[in-house]
Amino acid sequence: MCVVTEDRVDLSSYEVNCIASTLKKYLRELPNPVIPVEFYNRFIEASRQPREEACVVSLRHLVAQLPVAHRSTLQTLMAHWCRVCQLQQGRAEPPAVLTQALCHVLLRPSWDNILQMVHNTEAHLRIVELLLLRGDWGEQLPDFGTTAPVVQLVSVYRKGGSNKLIKIYQSNGKYGFALPLRYNSVVELINCHLNTSLRQYNRTLDVKLLYPVSRFHQGEEEVGDVEAVTQKLMAVNCNYQVRSRLYDQHYEELSKLQQEIELKKHAQDAFRETLIILQEQILANTQLKKEALPHEMEAWLLSKGVKKERINSLLQDSSAQVRDVGRETFLQSGSDHLPHHNPSTWLLADCSRQRAQELLAGKPDGTFLIRKSTKVNQYALSIVADGEIGHCLIEETGEGYFGFAEPYNIHPDLKSLVLHYAHTSLEEHNDKLRTTLAYPVYAQDAYIFLQS
């Protein structure tokens, strides 16, 4: 973590190589380098003077002409690097590694002419070295001997279109990309790496030195056989057009596939949501089916297009379990002789209302009988509920169905009605009748015995 005080910045928690790399990256990525691109050609011309003293004088004169911000920055950086050199007091050689690291950081040409940097590497090295060793930066340098110069720089064209630079070192008649120097000439060094990759010096340069570029043909092409060059150009152009069409075709196919995949993903998501909704509806319908009353089932069947005659046929021809779903408990007991199946135990055709009250007096809740109503062609139910005797009219439709009210008039006969309400409370028709048709009036004792 960087600690900032009033007069200094504490970078002690960082490694030196990290700080140096950060500074170098910052200087390299400046829009305009420390020595501005406007001064680049003038510095290069000054470095080409053969006499060292004259070259130093020219370089000092150019530094004095730099803009204030650039000159101050260069003064601060050089003073710092002089102090770094003081730490190398015990070494006889000048700081060649430092000058090599800075030669393309402190100055460079404009981006339009960036390739000039490849051919001007020696000039870059001389400029930085003379500025560092002979410039007036206010710091004392150690007494260095002569340096082993870097004599060449190779530009390697890498995958992706970027240029990478790797230095060639020379000392005592030997050459190489790194110590120890083993080659007797640059030609021998280059020929060796025609078949050997440069990866051993830099892991990112997994290439070989296959195609040389002459330093004497900057921006020029050697004029040869015009006809041969023309034929080669036409062949390259033809190949380019073929590959361009192939690329367009593949790109179009890729776009269609990506669009199709995206549509299928959306469809899959929609189907998944639809499936969840359908599953929820199935569960809800299953629950409602269990809770549905017969008249509700009939209404649902009618809404789905089932004809009334078909429903009547199903009601008449179905088993007793279908017609009277409330009797399962008693059917499971193994008895086929429930008193409800015998109309004579509960149907009293000539019984009056007064007689019905006498017969039901003192009977338990749920004791009932069905009698003729005072209304023509109608029946009435008399039943004991909450210790009191109640009466309820049974309606008969024109089609011969019985029930207590529409739309509950769905029973084909009185027996079907009795069997249904033997296990379904009458409360849905009359709040005071909170009971079922439990005990036929003339079979009460036998029914209680069966219940036990």
Side-chain angles (χ1 to χ4, degrees), residues 293-295 312 314-397 399-405 408-452:
L293 298 174
H295 71 279
N312 293 339
L314 291 173
L315 291 173
Q316 293 175 357
D317 299 338
S318 62
S319 63
Q321 184 180 6
V322 174
R323 295 196 311 267
D324 185 18
V325 295
R327 294 187 301 158
E328 285 85 350
T329 303
F330 299 99
L331 292 176
Q332 290 173 0
S333 66
S335 174
D336 293 330
H337 303 286
L338 297 176
H340 296 68
H341 288 278
N342 186 1
S344 62
T345 60
W346 46 263
L347 181 58
L348 284 70
D350 298 329
C351 181
S352 64
R353 182 187 180 97
Q354 182 65 30
R355 177 58 179 164
Q357 292 189 182
E358 295 175 356
L359 291 174
L360 297 175
K363 298 297 190 294
D365 289 350
T367 305
F368 73 97
L369 61 85
I370 294 178
R371 56 183 175 79
K372 281 284 188 176
S373 174
T374 55
K375 295 183 179 180
V376 180
N377 296 328
Q378 296 289 340
Y379 288 90
L381 169 69
S382 299
I383 187 170
V384 180
D386 293 333
E388 297 183 357
I389 301 173
H391 305 277
C392 185
L393 185 65
I394 300 176
E395 298 181 0
E396 182 179 3
T397 66
E399 292 80 9
Y401 289 92
F402 295 89
F404 291 106
Y408 300 95
N409 301 334
I410 59 173
H411 303 284
D413 51 38
L414 291 175
K415 178 180 177 181
S416 174
L417 181 144
V418 169
L419 291 174
H420 173 73
Y421 287 101
H423 309 291
T424 303
S425 176
L426 297 169
E427 189 177 7
E428 61 181 355
H429 305 296
N430 191 325
D431 294 339
K432 296 182 179 180
L433 300 180
R434 290 180 291 181
T435 182
T436 61
L437 303 183
Y439 313 123
V441 66
Y442 284 151
Q444 177 185 351
D445 296 338
Y447 190 74
I448 294 176
F449 174 74
L450 289 175
Q451 283 279 47
S452 65

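Every value quoted in this text rests on a predicted model; they were computed, and no experiment measured them.
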Exercise for review: Could you tell me the separation between the CD1 atom of I383 and the NZ atom of K363, rounded to the nearest 0.5 Å?
Suggested key: 13.5 Å
**Study point:** Results of salt bridge (charged side-chain N to carboxylate O under 4.0 Å, His left out) for D431 - residues two or more places apart only
**Key:** none
Exercise for review: Before accepting this row, confirm whether a basic side-chain N of the pair R434/D386 lies closer than 4.0 Å to the acidic partner's carboxylate O.
Suggested key: yes
Check your understanding: Shortest non-hydrogen contact from A385 to T435?
Key -> CB-CG2, 3.9 Å
Practice item. Kindly indicate whether the side chain of V384, heavy atoms from C-beta on, has any atom under 4.5 Å from the side chain of Y439. Key: no
Study note, to complete from the structure: With S382 as partner, the option from V441, L369, L348, I370 fulfilling side chain to side chain contact (heavy atoms under 4.5 Å, CB included) is L369
Practice item. Specify whether Y379 and F402 have parallel, tilted or perpendicular ring planes, treating 30° as the upper limit for parallel and 60° as the lower limit for perpendicular. Key: perpendicular
Check your understanding: Roughly how far, to the nearest 0.5 Å, is the OG atom of S352 from the CD atom of E358?
Key -> 7.5 Å
**Study point:** Donor-acceptor under 3.5 Å (N409 side chain, E396 main chain)
**Key:** no
Check your understanding: Quick check: does any side chain N or O of H429 sit under 3.5 Å from a backbone N or O of Y408, one acting as donor and the other as acceptor?
Key -> no
Point to revise | Mutual orientation of the aromatic rings belonging to F368 and H340 [parallel < 30°, tilted 30-60°, perpendicular > 60°] | key: tilted
Exercise for review: Kindly say whether P440 contributes a backbone atom to a donor-acceptor pair with the side chain of T345 at under 3.5 angstrom?
Suggested key: no
Review point. Looking only at atom types and distance, does a side-chain atom of S416 sit under 3.5 Å from a main-chain N or O of D413, one as donor and one as acceptor?
Key: no
Practice item. Kindly check if the number of other-residue, nucleotide or ligand heavy atoms within 6.0 Å of CD (E388) is above 12? Key: no
Review point. Do L381 and L426 have side-chain heavy atoms sitting under 4.5 Å apart?
Key: yes
Point to revise | Heavy-atom closest contact (L433 atom, C392 atom, distance) | key: CD1-CB, 4.2 Å
Practice item. Quick one: pull up CG in L437 and OG1 in T367 and give me the separation to the nearest 0.5 Å. Key: 10.5 Å
**Study point:** Between OG1 on residue T436 and CD on residue E427, distance to nearest 0.5 Å
**Key:** 12.0 Å
Review point. Would a 4.5 Å heavy-atom cut-off, applied to side chains only, mark L393 and Q378 as touching?
Key: yes
Study note, to complete from the structure: Closest non-hydrogen contact found for L359 with C351 is CD1-SG, 4.4 Å
Review point. Do the non-hydrogen side-chain atoms of H391 and I389 ever get within less than 4.5 Å of each other?
Key: yes
